[in-house]
Structures are given as structure tokens and as C-alpha cells.
Amino acid sequence: MFDDVRDLYSSEIRDHGRSPTHAKRPAGFDAAAKGDNPMCGDRVQVFVRRDGGRVAEAGFEARGCEITIASADLMCEAVSNQPIDRIRALSDQVAAMARTGHCDACDAALRRLHPLSAVHEYPSRVKCVTLPWHALLAALDGEKESTSE
Amino acid sequence: MFDDVRDLYSSEIRDHGRSPTHAKRPAGFDAAAKGDNPMCGDRVQVFVRRDGGRVAEAGFEARGCEITIASADLMCEAVSNQPIDRIRALSDQVAAMARTGHCDACDAALRRLHPLSAVHEYPSRVKCVTLPWHALLAALDGEKESTSE
Amino acid sequence: MNMMTKNLVESGFDVQRIRDDFPILSQQIRGKPLVFLDSAASAQKPRPVIDAMVNAMETQYANVHRGLHWMSERTTDAYEGTRDAVARLINAPSRDEIVFTKNTTEAINLVAYSYGRGIMRPGQAVVISEMEHHANLVPWQMLRDACGIELRVAPVTDAGELDMVGLEALLVDRKVGLVAITHMSNVLGTVVPAVRVAALAHEYGAKVLFDGSQAVVHRAVDVQAIDADFYVFTGHKLYGPTGIGVLWARRELLEAMPPFMGGGDMIGTVTFERSTWAEVPHKFEAGTPAIIEAIGLKAAIEYVEAIGFDAITAHEGRLTDHALARLSAIPGLRVLGAAQDRGGVFSFTMQGAHAHDIATLLDRQGIAVRAGNHCAEPLSRRLGVDSSARASTGIYTTEAEIDVLADTLLRVREFFT
Amino acid sequence: MNMMTKNLVESGFDVQRIRDDFPILSQQIRGKPLVFLDSAASAQKPRPVIDAMVNAMETQYANVHRGLHWMSERTTDAYEGTRDAVARLINAPSRDEIVFTKNTTEAINLVAYSYGRGIMRPGQAVVISEMEHHANLVPWQMLRDACGIELRVAPVTDAGELDMVGLEALLVDRKVGLVAITHMSNVLGTVVPAVRVAALAHEYGAKVLFDGSQAVVHRAVDVQAIDADFYVFTGHKLYGPTGIGVLWARRELLEAMPPFMGGGDMIGTVTFERSTWAEVPHKFEAGTPAIIEAIGLKAAIEYVEAIGFDAITAHEGRLTDHALARLSAIPGLRVLGAAQDRGGVFSFTMQGAHAHDIATLLDRQGIAVRAGNHCAEPLSRRLGVDSSARASTGIYTTEAEIDVLADTLLRVREFFT
Ligand SMILES: Cc1ncc(COP(=O)(O)O)c(C=O)c1O
Ligand SMILES: Cc1ncc(COP(=O)(O)O)c(C=O)c1O
């Protein structure tokens with residue numbers, strides 16, 4: 001019956017959505033921020049431990065749909081040990097990919113996130129993908145909250 | 001060209017509208033009130049001299065259209081030397097006549113006012129007929145202002 | 001479509017005939033028939049509403065109230081005619097007590113500004129309930145924060161009913177100036193015992209406002225029988241256009257309240273020094289009103305009146321019984337609220353599946369439901385859910401559509417477990 | 001109809017083709033062709049606007065913003081698309097600066113409540129002009145009376161132009177927080193030199209709001225070129241539906257301003273203790289918006305853009321020259337105002353004939369004009385007239401219609417003298 005949603009609910013996304021590996025606060029985290037999607041009640045809190053200009057480790061706590069959780073989990077995986085500049089660029093690329101379905105200049109890190117691109121067929125779900133990234137950037141910018149609408 | 005408005009702009013109305021005989025303050029008036037039609041800028045001020053339970057004399061000052069002036073003039077004529085109760089009834093009858101075109105229980109006083117009944121074909125002009133009466137009743141009730149909308 | 005057409009003719013209420021009046025219901029979504037179960041958010045529009053609006057724009061349109069010409073006079077008559085229709089719908093004592101607004105939200109804000117700031121005094125309180133839509137919560141918070149008026153919240157029971165004992169406890173100190181309560185919850189479907197609420201409020205000297213946004217769609221409303229002081233609703237949920245809502249209030253309240261917005265049509269005379277206000281209801285209708293929308297609303301009211309609220313309520317009762325039976329048979333599914341008196345609104349959660357994911361899967365089958373907190377975030381918190389999916393019915397909803405929903409939810413459950 | 005169809009095709013602007021798009025223009029009034037010269041009060045609606053609204057209601061309708069389903073997503077796209085269209089129309093720097101309201105009146109009240117009460121301080125002043133519509137006067141009076149903010153009135157010259165020297169004199173003490181001026185008078189047709197007004201206001205530290213209700217219909221508007229801070233207009237005069245208006249403001253102003261109305265869609269998170277607000281522009285759009293009307297407004301904007309403002313302004317210029325020539329040739333007729341830069345609005349008085357009586361006689365010939373003070377009572381007083389008749393043009397108005405008006409006015413004059 002649901003064959004046509006298998007693009008979005010792919011096995012990678014379902015695994016990350018149901019059994020995330022980064023759904024915890026990293027020991028000794030030094031920044032955190034919340035992301036809220038007020039229209040639907042989703043909330044993600046992202047925690048990072050920095051190491052100079054890099055994110056050493058990231059984790060999250062969330063209530064939300066499978067897409068949001070999968071996105072948060074894949075994000076934490078992707079940003080570990082990455083320079084903060086690179087993370088900002090990645091955030092833009094993920095947002096673009098979620099909107100368009102295309103993955104421009106798709107390097108290895110982005111390729112891991114590629115299953116999320118299927119969300120571009122579901123316009124009102126795009127925010128589910130971008131919400132964790134908003135929270136991450138807010139944490140890196142020293143803010144406490146962000147929203148995604 | 002304007003044959004179809006001759007009912008409203010009858011010779012009686014045109015005479016009273018252009019050359020009113022009561023457009024003045026009666027000597028020794030003892031009550032007055034203004035009537036405003038805010039939507040169009042018309043204003044009638046009515047002055048009465050009372051004599052016991054009667055209106056001895058009524059007059060008016062107005063800026064307004066021919067219908068308003070004619071109605072004010074005919075009103076002043078009709079209420080002179082009339083008991084106030086009778087005037088209240090007359091006011092209701094004029095309002096009904098202006099709305100419906102019919103003159104129920106049409107006695108001599110009302111017959112004089114009958115040319116005004118043509119206004120029922122011109123819904124947005126009905127107020128022009130009733131405005132002076134509102135002002136008159138306001139004056140008799142000791143109020144200073146009334147509006148007609 | 002077979003599934004959709006079976007069993008549609010119910011006694012005395014021909015749902016297929018009704019469906020034929022709603023052009024949108026024959027749309028397909030991704031090749032599947034539209035199963036529109038989101039009417040509590042906004043209802044679809046029947047042909048007579050669309051036609052009334054088109055007819056106005058094609059044959060009889062001009063600005064209202066100020067014109068001496070044919071088009072304006074006729075348009076004014078049509079616009080003003082809606083006041084009579086609304087007065088009849090809710091049994092208001094007078095058509096002059098009907099104020100047109102943009103929607104329920106503006107109607108409540110009007111009361112919060114005009115009655116709240118204009119008549120109430122610091123130290124007084126407003127009571128709302130735990131199950132209010134944000135429209136009947138945020139304006140009172142803003143009033144509280146601007147004017148030192150306390151905001152009190154009446155509890156709801158676990159069954160999702162208004163806790164009348166809890167409500168009374170908030171009233172006993174007689175500081176409450178206004179009780180503002182939903183007449184029917186947009187999340188739980190709970191119908192609030194309005195007569196009792198009004199009597200209680202009045203006993204302690206408070207006025208009472210009912211948010212009838214949902215109730216007016218599902219029940220015959222009689223503001224005099226309820227003994228309400230204010231009643232508000234919105235056109236677009238009653239099968240009417242967007243852009244038009246209604247505030248009814250007792251005349252003496254409207255007369256005492258200062259105007260909310262200033263502008264054309266709401267004034268008496270204007271000088272730079274001072275303006276005077278027009279008579280009620282015009283005092284509260286500044287500017288060019290939603291003329292075409294009022295004309296559409298009249299058609300909507302006539303449409304539901306022609307069907308009749310007895311038939312509408314009976315149909316909805318059957319649907320509700322059926323929906324509750326089917327939904328509660330789905331393992332892991334929890335329907336929120338269990339009020340004795342409830343209408344066709346069903347919010348639910350499903351173990352192992354988030355409301356968004358449910359909604360997306362249903363959407364792919366042509367089934368439109370809502371997911372989230374339904375503009376009642378504090379209620380979600382009260383019920384201990386982050387978000388829920390909500391199916392809601394309209395006069396055009398069929399039992400077969402409920403079956404499609406339930407059957408599909410069983411598959412959704414398999415998908416997620 | 002012969003008279004009406006002659007001379008309609010003007011170079012580069014086929015007025016007959018345009019008229020064919022407006023179904024109402026083929027109506028007869030008491031057996032006479034409708035000559036609609038009341039567009040300044042509200043304009044008629046072209047087929048594409050009607051079709052867009054019908055199409056939305058028949059094929060693609062649900063509430064916006066909150067839905068995860070097809071109908072809601074598509075409706076949200078359509079509704080939000082209007083923000084892009086409006087931003088393009090007035091060359092706003094960002095679509096996020098476009099706030100939808102019910103009409104101009106609500107837009108100005110929003111600014112008066114939210115900027116006036118929220119940002120301005122007692123002791124500051126607001127400047128308006130002598131030729132404001134009540135919509136741009138009464139809200140400021142209410143602000144004055146509620147908050148101790150002074151209201152100053154800039155004079156207009158006998159020619160009906162804004163007196164720039166008089167305006168500057170009101171600004172020199174630098175107490176003025178906001179200059180709120182019409183961009184085009186609905187009585188005199190005067191187009192105000194917006195660039196100069198904005199520069200002057202800014203020189204003395206004031207913000208500037210333009211009431212573009214009339215201007216946006218007749219001129220290409222560029223809020224950045226003007227250097228405006230606020231710009232407002234109303235949909236129904238721009239050939240769009242009733243029930244929808246626009247506030248544009250600079251983003252930093254919108255961000256600083258507190259919300260006006262509270263409710264759904266304008267919040268961030270809500271608890272009983274405290275709510276946070278959504279981002280601009282949603283912060284100012286509480287409740288279900290005028291969805292179908294926004295969709296209609298987009299069609300209206302696309303319609304006038306397809307004709308092009310160069311063509312619209314040129315057509316109007318020809319009509320204005322013709323109308324002024326014909327009207328001023330009528331003995332005893334006085335056209336109010338004589339501004340250098342004026343649009344297609346002609347208010348006039350006639351010796352020996354009251355405006356109402358004129359309007360009634362014209363109406364009997366199928367000619368729709370307005371009579372009264374046109375919601376600008378203080379301006380009437382300034383000009384020393386109790387009331388006037390007003391003829392106003394739209395894109396569908398023809399020179400032949402102006403001739404019908406002038407010819408009939410000659411007969412009206414005979415009738416009354
Ligand atoms: C110059 C001007 N400002 C404001 C308005 C008010 O517009 P609305 O009634 O649509 O709010 C109008 C029209 O009535 C107008 O002409
Ligand atoms: C109970 C209730 N109150 C208020 C509202 C607000 O209605 P509107 O958005 O039309 O103002 C709604 C619907 O959204 C509702 O269901």
C-alpha cells in the first residue's frame with residue numbers, strides 16, 4: 001500500500017529514525033540549543049562539544065517524527081570532527097537538497113545524508129529535516145533557541 | 001430625460017425644497033436639536049416653540065438636498081399647533097410611508113406629506129425624509145443631537 | 001469510488017446529494033479519491049456559496065452603505081441581509097447585535113481590546129479553560145500583560161470535559177469579569193455545557209463568551225437559551241468563505257464598549273478635534289467590510305439551514321459512533337478525550353508512529369488529516385502528548401470514508417511496527 | 001451601447017478588450033447601460049480574479065500553514081504566492097515584509113496600535129494632512145486620546161495640494177514620530193509628492209506611512225524609490241476581492257513592533273504563562289487568513305501588471321484631460337482641487353443642485369457616482385463644501401462614458417435651474 005513513500009521512508013532513514021545512535025548528551029558538551037517547530041510541536045535539543053574550530057562531538061534529544069530524528073542522527077554523525085565552517089556549508093547544502101532533491105557537489109559527507117533528499121517531494125516535511133540543523137547552528141552561534149517554520 | 005424621477009421630484013417637493021417657508025428659527029423657540037446624516041454630510045437643526053403639550057411653531061436650518069429640505073419644511077408645516085403625542089404618531093407614519101410608499105389611515109395632515117412617499121423607490125434617500133423628524137423628536141425629548149443612518 | 005458510494009444514503013439525510021454540491025469532493029489526490037477529514041481546520045464550500053460570490057461579482061457589486069446608486073443599494077441590501085441570516089442562525093435578539101469581523105480570532109481580539117481594555121479594570125480576571133484554541137488564549141495573555149488583568153485557567157478532566165467544580169473555584173472571589181470558553185473543543189470534540197457555564201458565570205457576576213468556531217458547525221446554537229453575553233464564530237468552518245467571522249454580543253455591552261478600530265463607516269461626525277461613533281453594530285466595522293464574503297456566508301447559512309441541524313447532528317452522531325468504534329479497535333491507537341457529549345473531531349496517537357508520519361502516509365492515500373497540536377499547545381501538554389493526528393468530519397463525510405481511514409490506519413500501524 | 005463602443009480602442013490600450021474581462025460591465029441598470037464611475041469606492045472584478053477564487057474553492061482548498069496534506073500544501077503555496085506578487089507590485093525588498101490585513105483600515109489600525117502604542121511615546125506626535133480619508137485619521141485620534149500622543153494636521157493649499165512648507169513647520173521641533181499621509185487623495189485625485197514627503201520626514205527623524213489605497217491603482221509604486229517606511233493598500237480597489245488588504249513595512253520596524261492581535265498562526269510556542277511570537281510577517285497574521293481573497297488578489301495584481309502601469313497611467317491621463325475639459329465647460333459646476341499631478345477622481349459641486357439630487361438623477365440614467373463627503377469630512381470642511389458628487393475612473397472607463405456623464409450633467413443642470 002505504501003510503496004510510494006518508500007523513497008522517504010527508506011531503510012537508512014527508518015533505522016536512524018527508530019534507533020538513533022546520537023540521541024544523548026555528549027560528555028562535557030560546551031554548547032546547546034533548542035529548535036522548535038511551533039506548528040507541529042516538534043522539538044530538538046542539540047548539544048556539542050567543541051575542540052578549537054571544530055565540533056568534536058554532537059548529540060541530541062528530541063521529540064518528533066521519524067524524519068526529524070533521522071535527520072538529527074545523521075547530522076550528528078556528519079558533523080563529528082568537522083571544522084565549523086564546513087558544518088555551516090553542509091547545513092546550507094542539506095537545506096538545498098531537502099528543497100530540491102538535488103545534491104550539488106555531493107562529497108562523501110553529503111552522500112551519507114542523501115537519503116534525506118527524498119523529502120523534497122513532501123514540502124511540509126522539509127522543516128523536519130532542517131530543524132536539527134537550525135538548532136545546531138544556534139548552538140554554535142551561542143544562541144539558546146531557534147525555530148523552523 | 002428625467003421623466004422617471006418626476007414622482008420624487010414632484011412640483012410640491014421641488015417648491016418646498018427650493019423655497020422653504022419654515023427655514024428660520026421661530027421667535028422665542030424653547031427647544032432645538034441637530035440631526036446629522038454622517039454618511040453624506042447632511043445636517044438639519046430643528047427649533048420648536050412649545051405651548052403646553054403642543055408644538056406652537058417649528059422651524060429649521062439645514063444644509064442638505066432638496067428632499068431633506070422639502071421634508072423639513074413640510075414637517076414644520078404639519079406639526080404647527082399639533083399635540084406632541086400626535087406628532088410622535090405622525091413621525092412613525094411618515095417613516096412607514098417613506099419606506100413602503102403606502103399611506104395607512106391617511107388623514108389630512110398626512111395627505112399633505114404624501115408627496116414624500118415617492119422616496120420609497122429610492123432606498124438610500126429614505127433617510128433624507130426621516131432626518132428632520134429625528135431631529136424634531138430629539139428636540140422634544142430634550143436631546144441635542146440625533147443621527148440618521 | 002465504489003467504497004465511497006456504498007451506504008451513503010442514510011435515513012432522511014442524503015449524503016450523496018450533499019456531496020454533489022461540493023465540487024472539490026470529486027477531486028483525486030495522486031490518483032486516489034479525496035477523503036477530506038480536515039473540516040475542523042476549514043470546511044469545503046458548496047456550489048451555492050461559490051455561486052453567490054460569483055453572482056455578486058458578476059452582476060451586483062459596489063461598495064456598501066455610502067452609495068446612492070443602484071449597484072451600491074443592492075450590494076448593501078445583500079450585505080446587510082447576512083446580518084439577518086446570522087441573527088436567525090444563533091437566535092440573536094436583534095440583527096443590530098451582529099458584528100462582522102475577519103474571523104473568530106479578530107472577534108475575540110475585538111472583545112479583548114474593547115471590552116477587556118475598555119471596560120474591565122486592573123485586578124479583575126478572565127477565566128479560560130485548558131482546552132482553548134490559541135485564538136481564545138493569546139488575546140487574553142496580551143490583555144493580562146498590557147493591563148494587569150489576571151488570567152485564570154479552568155481545568156479539564158482526564159476525560160476531556162470541563163471541570164465544573166474547578167471552574168466554580170475560580171469564580172468564588174468574584175474578581176472574574178469574563179469567562180471565555182470554547183463551546184466545542186477543536187481537539188477533543190467535547191461539547192461544553194454552555195447553559196451551566198453561563199449560569200455559573202452569571203452567579204458570580206461574570207460575563208461569558210463562547211468560542212463557537214466548532215460548535216456552530218455541528219449544533220443548533222441559541223444564544224438566548226444559553227444566556228450567553230458574547231458568542232463568536234468564523235465563516236470558513238461553516239462551509240462559507242474565508243475572510244469573514246462574527247461577533248454577537250448583547251446590545252448593552254456593544255453600546256458600552258469603545259470602538260476597536262477607527263476608520264470609515266464606523267464614525268458619526270469627524271472633526272480633527274473629535275469624532276463621534278456610529279450606532280451599533282457599525283461602530284465596530286471600520287473600513288470596507290468583507291462584502292463578497294458576507295454574501296457567501298449568507299448562502300452558507302441558508303445551505304446548512306436547508307439541511308437542518310437535526311439532520312446534521314444525527315448524521316454526525318452516527319459518524320461519531322462509527323469512528324470511535326473503528327478507531328478504538330486499532331491496537332496501540334489512543335483517542336484523546338472521552339467526553340459524554342462530543343462531536344465529529346477525533347484526535348489520536350499511535351504507539352510507535354509519530355503523528356506527522358501518520359499524516360504523510362495517509363496523505364499518500366488521498367486522506368487529509370491534520371497533525372500537530374492543533375493550535376492548542378497547552379492542551380497537548382495537559383494530555384501529555386507532543387502531538388496528535390486529527391480526523392474531523394463535515395456534513396459531507398461518509399461512514400465509508402471513516403472505514404477508509406480506519407483500514408488505512410491499520411496498514412500504517414503495520415508499516416511502523 | 002453605440003456611444004459606449006465608439007472610440008474605445010486607444011493606441012496600445014484596448015479598453016474594449018479590458019471591458020470584456022469585466023462581466024458586470026455588460027449589466028443594464030433600469031434598461032440603460034451601466035456607466036460605473038464609482039471605482040474609487042470599490043472597483044469591479046475581472047474574470048481572472050473571479051476564476052482564481054472559484055478555482056481555489058472548487059479544486060484546491062484547505063486551511064494553510066498547518067497541514068501536511070496535499071490540499072493544505074497547495075493552498076499554502078497559493079496563499080504565500082500572493083506575498084511575492086505584492087512584493088513585486090510595490091517593489092518591496094522582501095516578501096517577508098508583506099503583511100495581509102482585511103483592508104487598508106485594518107492596516108493603519110495595526111500600525112496605530114502596534115507602532116503607535118508599542119513604540120511611540122507620550123509627547124511624540126503624528127502628522128496627517130487635511131485631505132485624509134477617515135481611515136487615516138480616526139485611528140490616530142484614538143491613539144491620541146488613549147496615549148497622549150499629539151495629532152498634527154498638515155494643511156493643503158486651495159489647489160488641493162499638500163502644503164510642503166506647512167508640513168515642514170510641523171516637523172521642526174522633532175517631536176514627530178510618524179508622518180501618515182495619503183499617496184493619492186480619494187476626493188481630489190491629488191497625487192502627493194511621496195519622495196519629497198519621505199525625505200522631509202526623515203530629515204526630522206520621523207517615519208513615514210503612505211496610504212496607497214488610491215495610488216496603487218493608478219500608478220506604479222516603488223516603496224524603495226519613495227524611501228517609505230510603511231505602505232498600505234486595500235485589495236478591493238485594485239480589482240481584487242473584498243476582505244484583503246496589505247501592510248508593507250521595513251523589516252526592522254515589523255520586528256520591533258509588538259503583535260496587534262493574538263491567536264493561531266502568529267505564535268511561536270504557547271504556555272499559559274507566556275507565549276513567543278512567530279517570525280515576521282506571521283507575527284501580524286493571527287487566525288485563519290483571507291485565503292481565497294489572497295488568491296484573488298494575486299490574480300488582480302497579475303491582471304494589472306499584464307496591462308502595465310505605463311498603459312494604465314497613460315489611459316488615465318487621457319481620461320483626466322477629457323473629463324476636466326468636459327466638466328469645466330458645464331456652467332455652475334466646480335471641480336474640487338486643481339493639483340498639477342492628479343489622477344482619475346473628480347469631485348464637483350453644481351450651483352443650485354445638491355450632490356444627492358445629482359447622484360439620484362444620474363443613477364436613473366445608469367450612471368453610478370458617489371455623493372457626500374467621501375469619508376473625508378474635514379476636507380469637505382476645509383474646501384467649504386457640505387458635500388460633493390464624485391466620479392472616478394478605472395482601467396475600464398472610456399472617454400465615451402465621460403461624455404455620457406457630462407451630457408447628462410448638462411441635463412441635470414437644466415432640471416434643477
Ligand atoms: C485614500 C483612502 N484611504 C483609505 C481607504 C479605506 O480603504 P478600506 O475601506 O478598504 O479600508 C480608502 C477607501 O475607502 C481610500 O480611498
Ligand atoms: C475552537 C476554535 N477557536 C478558534 C479558532 C480560530 O478560528 P479562525 O482561525 O478562523 O480565527 C478555531 C479554528 O481554527 C477553533 O477551532
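As the structure is a computational prediction, the values presented were derived from the model and not from experiment. Hydrogens, waters and symmetry mates play no part in the numbers below; they use all other heavy atoms, side chains included. Residue numbering restarts at 1 for every chain, and letters A, B, ... go by the order of the sequence lines.
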Taking every non-hydrogen pair under 4.5 Å, which of C:Ser42, C:Ala135, C:Ser39, C:Pro258 racks up the most with chain D? C:Ser42
Measure C:Ala43 against the heavy atoms of chain D and call it side chain, backbone, both or neither at under 4.5 Å. backbone
Quick one: which of D:Ile128, D:Leu110, D:Asp38, D:Asp51 has the most heavy-atom pairs under 4.5 Å with chain C, could you say? D:Asp38
Under 4.5 Å from a heavy atom of chain C, the part of D:Ala146 involved: neither
Consider only side-chain N and O atoms of C:His133 and C:Ser213, and report whether a donor and an acceptor are under 3.5 Å apart. no
State whether a side-chain donor-acceptor pair under 3.5 Å links D:Thr75 with D:Gln60. no
C:Thr276 side chain vs C:Thr269 backbone, donor-acceptor pair below 3.5 Å: yes
The test is side-chain contact (heavy atoms from CB on, under 4.5 Å); show your working for D:Gln44 and C:Met57 and say whether it passes. CA-CA 7 Å; D:Gln44 298 300 342; C:Met57 291 189 273; over 6 Å; no
Establish, from distance only, whether the side-chain atoms of D:His236 and D:Asn103 form a donor-acceptor pair under 3.5 Å. no
Taking every heavy-atom pair that is under 4.5 Å apart, which of D:Ile24, D:Leu151, D:Val138 has the most such pairs with chain C? D:Ile24
Test your reading of the model: is there a side-chain donor-acceptor pair from C:Lys102 to the backbone of C:Ile244, 3.5 Å cut-off? no
So for D:Leu137, is it side chain, backbone, both, or neither that comes closer than 4.5 Å to the heavy atoms of chain C? side chain
Which bit of D:Val369 comes within less than 4.5 Å of chain C, counting heavy atoms only: side chain, backbone, both or neither? backbone
Side-chain contact, heavy-atom cut-off 4.5 Å: D:Phe22 with D:Phe36? no
Got a sec, which residues hit side-chain hydrogen bond (donor to acceptor under 3.5 Å, both in side chains) with D:Arg117, two or more places apart in sequence or on another chain? none
Interface moiety of D:Gln141 toward chain C, non-hydrogen atoms closer than 4.5 Å: side chain
Could you tell me which portion of C:Asn63 (side chain, backbone, both or neither) has an atom closer than 4.5 angstrom to a non-hydrogen atom of chain D? both
Looking at C:Arg30, C:Arg274, C:Met53, C:Arg144, which makes the most heavy-atom pairs under 4.5 Å with chain D? C:Arg144
Residues of residues 354-367 of chain D contacting chain C, heavy-atom criterion under 4.5 Å, by residue number: D:His356, D:Ala359, D:Asp363
Need one label for D:Val153: side chain, backbone, both or neither, based on atoms under 4.5 Å from any heavy atom in chain C. side chain
Mind ranking C:Val54, C:Ile291, C:Thr288 by heavy-atom pairs under 4.5 Å with chain D and telling me who comes out on top? C:Thr288
Heavy-atom cut-off 4.5 Å, strictly under: side chain, backbone, both or neither for C:Glu130 against chain D? both
Atom pair CG (D:Asp145) and CH2 (D:Trp140), whose distance is rounded to the nearest 0.5 Å: 14.0 Å
Ranking C:Gly243, C:Gly245, C:Pro259 by heavy-atom pairs under 4.5 Å to chain D gives rank one to C:Gly243
Could you tell me which residues satisfy side-chain hydrogen bond (donor to acceptor under 3.5 Å, both in side chains) with D:Glu377, sequence neighbours excluded, listed by chain and number? D:Arg381
Decide whether D:Asn373 and D:Ser387 meet the rule of one side-chain donor and one side-chain acceptor closer than 3.5 Å. no
Output for pair (D:Thr105 OG1, D:His134 NE2), nearest 0.5 Å, gives 11.5 Å
Could you check whether D:Phe284 and D:Phe100 have their ring centres less than 6.0 Å apart? no
Please check if any side-chain donor atom of C:Thr242 sits under 3.5 Å from a side-chain acceptor atom of D:Glu293, or the reverse. yes
Region of D:Gln27 in contact with chain C, defined by heavy-atom distances below 4.5 Å: side chain
Is it true that the side chains of C:His65 and C:Asp265 contain a donor and an acceptor less than 3.5 Å apart? yes
Heavy-atom pairs under 4.5 Å with chain D - which of C:Ala376, C:Ala112, C:Pro23 has more of them than the others? C:Pro23
Option that, when pairs with chain C are counted at under 4.5 Å, heavy atom only, ranks first among D:Thr59, D:Thr101, D:Ile292: D:Thr59
Residue selection (most heavy-atom pairs with chain C, distance under 4.5 Å) from D:Lys45, D:His69, D:Arg47: D:His69
Heavy-atom proximity to chain C below 4.5 Å, by part of D:Ile108: neither
Given a strict heavy-atom distance threshold of 4.5 Å, which part of D:Ile29 is in contact with chain C: side chain, backbone, both, or neither? side chain
Mind checking whether D:Ile50 and C:Glu58 have side chains closer than 4.5 Å, heavy atoms only? yes
Given heavy-atom pairs under 4.5 angstrom as the criterion, report whether the side chain, backbone, both or neither of D:Met71 touches chain C. side chain
Please look at D:Met142 and chain C and tell me whether the side chain, the backbone, both or neither of the residue comes under 4.5 angstrom of a heavy atom of that chain. side chain
Ring centres under 6.0 angstrom apart (D:Tyr239, C:Tyr61): no
Need one label for D:Glu106: side chain, backbone, both or neither, based on atoms under 4.5 Å from any heavy atom in chain C. both
Counting only non-hydrogen atoms closer than 4.5 Å, does D:Ser72 touch chain C with its backbone (N, CA, C, O), its side chain (CB onward), both, or neither? side chain
D:Glu132: partners by salt bridge (charged side-chain N to carboxylate O under 4.0 Å, His left out), with sequence neighbours left out: none
Please classify the contact between D:Pro289 and chain C as side chain, backbone, both or neither, with a heavy-atom cut-off of under 4.5 Å. backbone
